[in-house]
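Just the heavy atoms: all of them, side chains too, but no hydrogens, waters or symmetry mates, feed the values below. Counting convention: from 1, in listed order, for ligands and their atoms alike.
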Amino acid sequence: MALLNILRYPDPRLHKVAKHVTVFDARLQKLVADMAETMYEAPGVGLAASQVDVHECIVVIDTSDTHDQLLVLINPEIIAASTEKIVWEEGCLSVPGIYDGVERHVEVTVRAQNVKGEHFELAADGLLAVCIQHEMDHLLGKVFVEYLSPLKRNRIKAKMQKEERALEREASGRPFPKSRR
Ligand code: K1U
Ligand code: ZN
């Protein structure tokens, strides 16, 4: 297995729309295993393939306390959603350190395929329902900060860009200028 690189907002590749999966082979099994390892290591409770620069409709989720309830959703579709909504404080592995409230359906029913291509349906509420909606947004090229006000979003973008420059400098071995610390 291997750890995958998680794209960081505002990387434009996070806005690509993922394609339907049609081939259920060993390559897909390895990708799912690598995504799960990457999610657990981060640590996070979900990961969409878009976040690791693979633009295919694949999601892994584990919201259990024991980290042993891996859910794999391939080609997920929401087939029912409650009218009741909730504002949930969300995070994102592509926007590390940022948490903010997003309005989501309280309950959703999702239809998806497993890694063998078999169809199944799942009814979810609480964090699992929120996580499914968050990950399915990734597949559509949408990052949760896009639900926030333009002011908040631009502040987050500027903070992430500053962090990116610092990470690039660190990797290059060049010192950070004192005036910009
Ligand atoms: O898609 C992602 O970037 C994963 C994201 C999923 C998510 C979390 C919360 C609400 C909606 C969607 C995360 O996993 S962020 C990290 C996180 O929530 C977490 C990290 C460590 C332990 C428990 C949770
Ligand atoms: Zn995310």
Side-chain angles (χ1 to χ4, degrees), residues 1-19 21 31-78 81-82 84-110 112 115 122-149 152-161 163-164 167:
M1 287 200 288
L3 287 179
L4 306 171
N5 179 50
I6 300 177
L7 299 177
R8 289 165 63 95
Y9 182 79
D11 191 310
R13 291 172 290 180
L14 285 168
H15 303 304
K16 288 191 184 181
V17 177
K19 291 194 167 69
V21 174
L31 174 59
V32 165
D34 289 347
M35 284 176 59
E37 189 184 7
T38 304
M39 172 189 73
Y40 287 123
E41 198 272 342
V45 292
L47 188 71
S50 317
Q51 293 175 276
V52 293
D53 203 20
V54 176
H55 302 283
E56 297 171 33
C57 292
I58 307 166
V59 161
V60 293
I61 294 178
D62 190 344
T63 56
S64 71
D65 293 335
T66 42
H67 308 144
D68 60 356
Q69 305 285 313
L70 182 67
L71 175 64
V72 178
L73 301 176
I74 298 176
N75 300 324
E77 295 167 73
I78 289 180
S82 61
E84 193 189 348
K85 298 221 176 150
I86 187 171
V87 175
W88 198 284
E89 194 81 356
E90 296 191 12
C92 181
L93 297 176
S94 295
V95 201
I98 305 291
Y99 294 85
D100 215 322
V102 176
E103 192 177 71
R104 299 290 189 184
H105 298 285
V106 170
E107 293 168 1
V108 291
T109 303
V110 68
V115 81
L122 174 82
D125 61 7
L127 175 59
L128 179 57
V130 169
C131 200
I132 289 171
Q133 293 168 78
H134 176 113
E135 302 310 333
M136 287 182 66
D137 272 350
H138 276 303
L139 301 180
L140 294 171
K142 188 160 183 168
V143 180
F144 87 103
V145 297
E146 288 163 58
Y147 289 104
L148 308 180
S149 69
K152 275 191 182 178
R153 192 164 59 247
N154 287 332
R155 280 189 183 153
I156 292 166
K157 201 181 269 185
K159 182 175 183 280
M160 295 293 298
Q161 284 168 334
E163 281 177 19
E164 197 60 36
L167 287 170

* In this structure, which one of Asp62, Ile61, Leu71 forms a side chain to side chain contact (heavy atoms under 4.5 Å, CB included) with Cys131? -> Ile61
* Nearest-0.5 Å distance, CG of residue Asp137 to CG of residue Leu14 -> 12.5 Å
* For atom 5 (C) of ligand 1, grab the closest protein heavy atom and report residue, atom and distance to one decimal in Å. => Gly91 O, 3.7 Å
* Numbering as shown, the atoms of ligand 1 that approach Gln51 to under 4.0 Å (heavy-atom distance) -> 1 (O), 2 (C), 3 (O)
* Asked: Taking only heavy atoms of Glu135, which atoms of ligand 1 are found under 4.0 Å from at least one of them?
  -> 1 (O), 2 (C), 4 (C), 6 (C)
* Structure fact -> Min over Ala42, Gly46, Gly44 of heavy-atom distance to atom 4 (C) of ligand 1 lands on Gly46
* Can you sort out which atoms of ligand 1 are near Leu93, meaning under 4.0 Å from one of its heavy atoms? => 2 (C), 3 (O), 4 (C)
* Is NZ or CZ of Lys142 both nearer than 6.0 Å to the six-membered ring centre of Tyr147 and within 45° of the ring axis? -> yes
* Structure fact -> CG of Leu93 to CD of Glu41, rounded to nearest 0.5 Å, is 10.5 Å
* To do: Starting from atom 20 (C) of ligand 1, find the nearest protein heavy-atom neighbour and note its residue, name and distance.
  => Pro43 O, 3.2 Å
* Asked: What are the two closest non-hydrogen atoms of Arg13 and His55, and how far apart are they?
  -> O-CE1, 3.1 Å
* **Asp65 and His67 side chains, donor-acceptor separation under 3.5 Å** => no
* How close does the nearest protein non-hydrogen atom get to atom 18 (O) of ligand 1, and which residue and atom is it? -> Val45 CG2, 4.0 Å
* Asked: Is the shortest distance from atom 22 (C) of ligand 1 to a protein heavy atom below 4.0 Å?
  -> no
* Asked: Counting only heavy atoms not in Glu89, do more than 12 sit closer than 6.0 Å to its CD atom?
  -> yes
* Asked: Is His134 close to ligand 1, meaning an N/O of one under 3.5 Å from an N/O of the other?
  -> yes
